[in-house]
Amino acid sequence: MDKEFLTVRSLASLLDMSEQTAYKLLREGTIPGRVKVGKSVRFNKSIVMDWLQNGGAKHDNKDR
């Protein structure tokens, strides 16, 4: 099974927010599923979707 990854731009679109806000949440560690690919950042879509289904920012994801 292939994992699907999101760019910051596609993540921002999925969450209906600006890229600037997505980068802010990235820096704060709010959104789980972050993967570094060289200098780029991607997000594991299944982890992000699970996080959203469990309440998003309300969910304590510091252990993920």
Side-chain angles (χ1 to χ4, degrees):
M1 177 181 193
D2 290 332
K3 292 182 181 178
E4 187 175 351
F5 292 91
L6 303 168
T7 62
V8 173
R9 177 176 286 174
S10 59
L11 176 71
S13 178
L14 175 70
L15 299 177
D16 194 26
M17 64 176 58
S18 70
E19 287 182 49
Q20 182 179 10
T21 299
Y23 276 110
K24 178 180 181 267
L25 295 175
L26 166 66
R27 285 190 305 274
E28 293 172 352
T30 301
I31 302 173
R34 183 183 107 164
V35 178
K36 287 280 280 181
V37 180
K39 292 183 180 183
S40 300
V41 176
R42 300 290 186 267
F43 291 87
N44 183 312
K45 186 176 181 179
S46 63
I47 292 174
V48 172
M49 296 307 290
D50 181 56
W51 172 71
L52 288 172
Q53 291 172 349
N54 287 304
K58 296 180 215 171
H59 182 66
D60 181 13
N61 59 12
K62 293 187 189 276
D63 295 331
R64 286 189 171 206

Could you measure the distance from the OG1 atom of T21 to the CG atom of D16? Nearest 0.5 Å is fine. 10.5 Å

Rounded distance [0.5 Å steps], CZ in R9 versus OH in Y23: 8.5 Å

Are side-chain heavy atoms of [X] and [Y] found at a separation under 4.5 Å?
{"X": "E28", "Y": "K24", "value": "yes"}
{"X": "L11", "Y": "L26", "value": "no"}
{"X": "F5", "Y": "N44", "value": "yes"}

When clusters are formed by joining ILVMFWY residues with side-chain heavy atoms under 4.5 Å apart, either directly or through shared neighbours, do V35 and L14 land in the same one? no

Heavy-atom nearest pair, V8 first then A22, reads CG1-CB, 3.9 Å

Please report the closest heavy-atom contact between V48 and F43, naming both atoms and the distance. CG2-CB, 3.9 Å

The complete set of salt bridge (Lys or Arg N to Asp or Glu O under 4.0 Å) pairs with one or both residues in residues 38-49, sequence neighbours excluded, reads E4-K45

